[in-house]
Amino acid sequence: MSKVITPREKDYSKWYNDLVVEADLADHSAVRGCMVIKPHGYGIWEKMQQALDKMFKDTGHVNAYFPLFIPKSLFEAEEKNAEGFAKECAVVTHYRLKADPNNKGKLIVDPEAKLEEELIVRPTSEAIIWNTYKGWIESYRDLPLLINQWANVVRWEMRTRLFLRTAEFLWQEGHTAHATKQEAIEETEKMLNVYADFVENFMAVPVVKGIKTANERFAGADETYCIEALMQDGKALQCGTSHFLGQNFAKAFDVKFTNKEGKLDHVWATSWGVSTRLMGALIMSHSDNQGLVIPPKLAPTQVVIIPIYKGEEGLKQITEVVNSIKVKLQQRNVSVKYDDRDSQRPGWKFAEYELKGIPLRIAIGERDLASGTVELARRDTLTKEVVKIEGLELHIETLLQQIQSDLYKKALERTVGSTHHVSTYEEFKKVLDEKSGFVYAHWDGTPETEEKIKEETKATIRCIPLNNKQENGVCIYSGKPSTQKVLFARAY
RNA sequence: CGGGGCGUAGCGUAGUCCGGUAUCGCGCCACGUUUGGGACGUGGAGGCCGUCAGUUCGAAUCUGGCCGCCCCGACCA
């Protein structure tokens, strides 16, 4: 009763904010633009980390950790990268505070503790990492270097939103070095596929894989690959990027190696990352007015069991049965929580776990004991069924898989239904305003046209989809010839 | 940075025009009755009204400054 979230159809943005807060995922903090990720939200992030980390390891990567601070001189070494991030950097200028002589109990920055060189709080780690790699790479035998780091980064965003855009966020950033251009490109594409695989199979969110236009490219990259997903409100969200960095950073940081022929060459690089923004994608893809919906593969708790009883003795009897169900589920690697708190009533618990998105709920009471059954409720469909306790663990195992695939299917249908093809600018604007979603349209390939369309419609080219169908047409804006449609959308 | 809003108990709020130490709901604590969809009763605790200064016998309320947060844009993952 106390926790009410704004209905999706009334105000999507407010619905999202309410949901994040009420489902106990995260909260605004005392620091502008920074959030506190609460245990339930962090639990989901940990599941994401575990799955991704395994995929990185399985593709030959290892984890390491680099400093939070980057000396300004290193930061500015790769010019485009520095320029791209310059206007959103937090900068450390001093290393000490002291008591304020004019204001008892207050502190001031000690002017005598000014750093000789400012330190940049990393907005991304290419600079510090490539400066380090310089000392690690001498020969082709040192390559490829396949490293990932789990870290926090800071980007001083003007406007922030929980998970989608915060001043500080958690992410992983892979930074690899290769002997050949071909190998680096293969790595870039491989990691894009890892991301797409993860987002689709764990998060149950369908994505479009593609390449960014020059305008949208990562600062310092030769090519940026990305995955784009469509949220329930028809806006697109970039879910991950994988960059082919060419030799830009190798040249900026003078990272050379001797190849098999004994010749010196700069190494080829990639970097790739996904962030806590994925939490936003997860929330906006599946959740409803009742609250969060978590795909089973990422749910910290997959099944919650709620006893319905009269008196202590009644609870004891139910607990006995529940314990045996619990063990059987755990043996099948189903994470299960038994909520036998006497301080809340069943109805309250039902609502609470729905709000938090736990995929399955078992309710078990006196009449179930008599009939050897339980009530099983699905979070995604909000449907209930009465099932036999015997063989319950098998049923649940199957059902969890079913929910996982149903969620994906539903999201896919929604995405396909919101994907449009247009051939004129009028049609383009009309579809954006009336239907929103992904819009495929011909584009003349120039940054100017892209910019104009963005100014006039707020839609951006999300990507040039990989394996795009080649077809002759004319640009919806300039009328100039085009060989393929690109993917437009209004985006987060 | 532009536009809008807000700061009163853990949360959400009334009171502000018209100055007299603060309203209501949820939550919290105790006891009892309850428990198959957010229980009920009785009793109780909790506030330097964002902050600093001014006006006044007296300020949540009037005046001025400052700080902070949220929302909508521009910027971005």
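The model shown is predicted, which means the values in this text are computed figures rather than measured ones. All chains are named by letter (A, B, ...) in the order of the sequence lines, taking the proteins before the strands, and each is independently numbered beginning at 1.
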At a cut-off of 3.5 Å, list every protein nitrogen or oxygen paired with a nitrogen or oxygen from nucleotides 67-70 of chain B, distance to 0.1 Å.
| from | atom 1 | to | atom 2 | distance (Å) |
| --- | --- | --- | --- | --- |
| B/rC69 | OP1 | A/Arg32 | N | 2.9 |
| B/rC70 | OP1 | A/His28 | ND1 | 3.1 |

Would you tabulate the nitrogen or oxygen pairs shorter than 3.5 Å linking the protein to nucleotides 4-9 of chain B?
none

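As judged by a 4.0 angstrom heavy-atom cut-off over every strand, A/Lys14 is placed among residues making no nucleic acid contact. As judged by a 4.0 angstrom heavy-atom cut-off over every strand, A/Gln238 is placed among residues touching the sugar-phosphate backbone only. Base contact: A/Leu164 has a heavy atom under 4.0 Å from a base atom. Within the nucleic acid shown, A/Ser13 comes within 4.0 Å of sugar-phosphate atoms alone, with no base atom in reach, counting heavy atoms only.
A distance of about 11 Å separates the C1' atoms of B/rC17 and B/rC62, rounded to the whole Å. Rounded to a whole angstrom, the distance from the P atom of B/rG46 to that of B/rG10 is 12 Å.
Spacing between atom CE of A/Met158 and atom C1' of B/rC71 amounts to 17 Å, rounded to whole angstrom units. In this structure, A/Asp339 places its CG atom 18 Å from P of B/rU35, rounding to the nearest Å. A/Lys454 has its NZ atom 9 Å from the C1' atom of B/rC76, to the nearest Å. Per the geometry, CZ belonging to A/Arg345 stands 5 Å off P belonging to B/rG36, to the nearest Å. B/rG73 atom P lies 11 Å from atom CZ of A/Arg165, rounded to whole Å. Atom-to-atom, CG of A/Leu315 to C1' of B/rG36 comes out at 15 Å; the value is rounded to the nearest Å. Rounding to whole angstrom units, CD of residue A/Glu83 and P of B/rC75 are separated by 16 Å. Across the protein-nucleic acid pair, A/Trp348 atom CH2 and B/rG27 atom P stand 10 Å apart, rounded to whole Å.
Under the 30°/60° scheme for interplanar angles, the aromatic rings of A/Phe253 and A/Phe249 are found to lie parallel. Ring pair A/Phe66/A/Tyr133 is perpendicular by interplanar angle, where above 60° counts as perpendicular and below 30° as parallel. Relative orientation of the A/Phe202 and A/Phe198 rings is parallel, given thresholds of 30° and 60° on the angle between their planes.
Counting distance only, with no hydrogens placed and no angle test, the side-chain atoms of A/Arg361 and the base atoms of B/rG37 include a donor-acceptor pair under 3.5 Å. One N or O donor and one acceptor, one from the side chain of A/Glu354 and one from the base of B/rG37, sit under 3.5 Å apart. Between the side chain of A/Glu352 and the base of B/rG38, a donor-acceptor pair under 3.5 Å is found. In the interface, the side chain of A/Lys349 is not paired with the base of B/rG36 through any donor and acceptor atom under 3.5 Å apart.
Residue-environment remark: CD (A/Glu79) stays at or below the threshold of 12 foreign heavy atoms within 6.0 Å. With a 6.0 Å radius and a threshold of 12 heavy atoms from other residues, nucleotides or ligands, A/Lys429 has its NZ atom above the threshold.
Seen from the ring of A/Tyr492, A/Arg165 does not count as a face-on cation partner, given the 6.0 Å and 45° thresholds.
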A/Arg462 vs A/Thr460, side-chain hydrogen bond (donor to acceptor under 3.5 Å, both in side chains): CA-CA, chis, key distance, verdict: CA-CA 6 Å; A/Arg462 303 318 304 156; A/Thr460 48; 2.7 Å; yes
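In B/rU21 the base sits syn relative to the sugar, since the glycosidic angle is no further than 90° from 0.
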Under 3.5 Å, side-chain donor or acceptor atoms of residues 430-439 of chain A against the rest of the protein: list the pairs with distances, not counting sequence neighbours.
| from | atom 1 | to | atom 2 | distance (Å) |
| --- | --- | --- | --- | --- |
| A/Asp433 | OD1 | A/Arg490 | NH1 | 3.4 |
| A/Asp433 | OD1 | A/Arg490 | NH2 | 2.9 |

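A salt bridge links A/Glu223 with A/Arg217: the distance from a Lys NZ or Arg NE/NH1/NH2 to an Asp or Glu carboxylate oxygen falls below 4.0 Å.
Helical stems in RNA chain B, defined as runs of 3 or more consecutive Watson-Crick or G-U wobble pairs with donor-acceptor distances under 3.5 Å: B:1-7 with B:67-73, B:10-12 with B:24-26, B:28-33 with B:39-44, B:50-54 with B:62-66.
Heavy-atom distances under 4.0 Å link RNA chain B to no residue of residues 198-236 of chain A.
Between the side chains of A/Ser242 and A/Thr188, not a single donor N or O lies within less than 3.5 Å of an accepting N or O.
For residues 206-233 of chain A, the set of pairs meeting the ring-ring contact (aromatic ring centres under 6.0 Å, His included) definition, not counting sequence neighbours, comprises A/Phe85-A/Phe218, A/Phe218-A/His243.
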